[in-house]
Amino acid sequence: MKLHPLKFEPIYKERIWGGDKLRTQLNKNSSGDAIGESWEVSDVKGEPSVVATGKLKGKTLQELSETYQSALLGKKVYDAFGTKFPLLIKYIDAKSDLSIQVHPNDQLAKERHNSFGKTEMWYVMQADEGAKLMVGFNQEVTKEQYQEHLKNNTLTEILNFEEVKKGDVYFLPTGRIHAIGGGIVLAEIQQTSDITYRIYDWNRVDAQGNGRELHTDLAIDAIDYTLHTNYKTDYQETQNEVTTIVDCPYFTTNLIPFSGELTRNHDDKDSFVIYMCVKGNVTFETDKYKEVLKFGETLLLPAALKNIKISTDEASELLEVYVG
């Protein structure tokens, strides 16, 4: 059976900090008022994405990777990762603050968990007035000073909080301490890994009075204590142009704000391409396939499909993601 552009059933995750914006703003068919994440493309063990439409409906991403290999993934990606899909794609709704956390690098994750590390990025889709993210430190900090603040419950004094708005981009290499603040909806692109070290959780407890597990000892050697002058990714958006907003060894992400029609040719890539619709509604067409991508939906274009026509009758925006 021939490959076609792939839409998957979202995998919804209830979280203590989740809300209802994935349903009310992104039109997700989720139930419950604490849905924090919609996993759009996943090959996390035990959490496989399942094709939602077309002739391959019902197939898992893992099954497709095993069957089609380079035709789905790209030869370079397949040579590097085998049939393990290398990215995890999500939409996140934070009604309240997430825990302060950090992710280990590839080496540490391999040694401790036999896993990939977790480099990721955020694209802010909506932010309530005054909503903030936490990224990195606000001053020079040694490992010993960090531990002292942790012990004294004064950690937030040395952390960098930034007010955000729609379109803000943050790149989070492994080791960078971070947290999404309440009132923010964003798109998250990351390595396929579910390894998170939770450092501080605002002294929250569940209905039974229990706090969530912390991983403070594991985090100490995973944190990059380097102070940076700017944590936000600066870029210049141009209508009907493709702008690269993140380019790292694990993925490249472009922003495409457009109206009307454009054609994307991917002959220069040896990778699948993922499209996330972060504004408007968009129609994708190949020679034999047509798919509408609504706001808050995601499409995976197999590596073997190099040309795609994209059109919209309103101002729309896409994130275009691939492995470079």
Side-chain angles (χ1 to χ4, degrees), residues 1-12 20-31 35 37-42 48-61 64 68 71-72 85 87-93 123 125-126 166-167 185-189 237 239-243 253-266 269 271-322:
M1 198 174 290
K2 286 192 174 181
L3 280 167
H4 57 74
L6 302 164
K7 280 171 75 171
F8 297 96
E9 297 285 356
I11 301 168
Y12 300 120
D20 64 1
K21 287 182 182 176
L22 295 180
R23 183 179 74 247
T24 60
Q25 293 191 12
L26 273 65
N27 302 308
K28 296 292 184 184
N29 187 26
S30 58
S31 58
I35 304 300
E37 302 183 15
S38 174
W39 290 15
E40 299 288 300
V41 183
S42 166
S49 287
V50 176
V51 179
T53 61
K55 293 180 179 179
L56 294 167
K57 181 178 179 179
K59 298 286 187 184
T60 68
L61 180 56
L64 296 179
Y68 296 98
L72 175 72
F85 197 82
L87 299 181
L88 174 59
I89 307 296
K90 304 177 181 177
Y91 293 113
I92 294 178
D93 168 25
Y123 177 86
M125 296 170 65
Q126 185 271 331
K166 183 193 177 305
V185 175
L186 55 78
E188 181 176 88
I189 295 145
E237 176 181 330
Q239 189 70 12
N240 296 319
E241 296 286 340
V242 178
T243 300
T253 301
N254 299 327
L255 177 66
I256 309 176
F258 79 108
S259 56
E261 185 179 298
L262 61 91
T263 299
R264 294 294 287 147
N265 180 290
H266 297 297
K269 302 174 186 65
S271 169
F272 60 85
V273 182
I274 290 170
Y275 289 98
M276 305 179 77
C277 187
V278 293
K279 181 181 178 182
N281 297 281
V282 178
T283 300
F284 288 78
E285 292 181 72
T286 63
D287 288 343
K288 299 178 180 178
Y289 199 83
K290 187 174 182 178
E291 185 74 72
V292 174
L293 200 63
K294 297 177 182 177
F295 174 62
E297 291 187 329
T298 304
L299 187 78
L300 190 156
L301 185 68
L305 301 179
K306 295 300 185 183
N307 292 290
I308 193 160
K309 187 173 81 171
I310 309 172
S311 59
T312 181
D313 57 5
E314 58 187 303
S316 296
E317 293 179 6
L318 294 168
L319 296 182
E320 179 184 76
V321 185
Y322 52 91

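Quick note: residue numbers are just sequence positions, from 1.
Here the options are L299, V292, D313, L318, the test is side chain to side chain contact (heavy atoms under 4.5 Å, CB included), and the partner is V282; only L318 passes.
Nearest heavy atom pair, residue P5 against residue L305, reads CD-CD1, 3.7 Å. Here the closest heavy-atom approach between residue L6 and residue P302 is recorded as CD1-CG, 4.3 Å. Between Y123 and L255, the closest heavy-atom pair is OH-CD1, 4.0 Å. Here the closest non-hydrogen pair linking P257 and E241 is CD-O, 3.4 Å. Minimum heavy-atom separation, N29 to Y12: N-OH, 3.2 Å. Closest approach of L61 to S42, counting heavy atoms only: CD2-O, 3.7 Å.
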Item to check | T298/I274 under side chain to side chain contact (heavy atoms under 4.5 Å, CB included): CA gap, chis, key distance, verdict | outcome: CA-CA 7 Å; T298 304; I274 290 170; 3.6 Å; yes
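Once rounded to the nearest 0.5 Å, the distance linking OG1 of T263 with CG of N307 reads 8.0 Å. Here the straight-line distance linking atom CG of L301 with atom OG1 of T286 works out to 8.0 Å at 0.5 Å rounding. We find the NE2-CD1 distance between H266 and I308 to be 7.0 Å, quoted to the nearest 0.5 Å. The distance from atom CG of L56 to atom CZ of F8, rounded to the nearest 0.5 Å, is 9.0 Å. Taking CD of E188 as the start and NZ of K90 as the end, the distance is 4.5 Å to the nearest 0.5 Å. Atom CG of L72 and atom CG of L64 lie 6.0 Å apart (nearest 0.5 Å).
Other residues, nucleotides and ligands contribute only 12 or fewer heavy atoms inside 6.0 Å of the NZ atom of K59. Within a 6.0 Å sphere centred on CG of D287, other residues, nucleotides and ligands contribute 12 heavy atoms or fewer.
R264 has its side chain out of reach of V273: every pair of non-hydrogen atoms, C-beta onward, lies at least 4.5 Å apart. Counting heavy atoms from C-beta outward, L262 and V242 have side chains that stay 4.5 Å or more apart. Looking at heavy atoms from C-beta onward, K21 lies out of side-chain contact with M125 at the 4.5 angstrom threshold. When side chains are defined from C-beta on, I35 does not count as touching K28, because their heavy atoms never get closer than 4.5 Å.
In this structure S271 satisfies the side-chain contact (heavy atoms from CB on, under 4.5 Å) test together with V77, Y322, V323, sequence neighbours excluded. Here E261 pairs with K309, S311 under the side-chain contact (heavy atoms from CB on, under 4.5 Å) rule; sequence neighbours left out.
Pairs of residues two or more places apart, or lying in two chains, that qualify as salt bridge (Lys or Arg N to Asp or Glu O under 4.0 Å) and include a residue from residues 290-302 are K7-E291, K7-E297.
Side chain of K2 to backbone of K55: no donor-acceptor contact under 3.5 angstrom is found. Without hydrogens or angle criteria, T312 side chain to N281 main chain gives a donor-acceptor distance under 3.5 Å.
Judged by distance alone, the side chains of Y91 and Q25 never bring a donor and an acceptor atom under 3.5 Å apart. Side-chain contact check for E40 and S38: at least one donor-acceptor pair (N or O, by modelled atom type) lies under 3.5 Å.
Between H4 and Y289, the ring planes lie parallel to each other; the angle is under 30°, not in the 30° to 60° tilted range.
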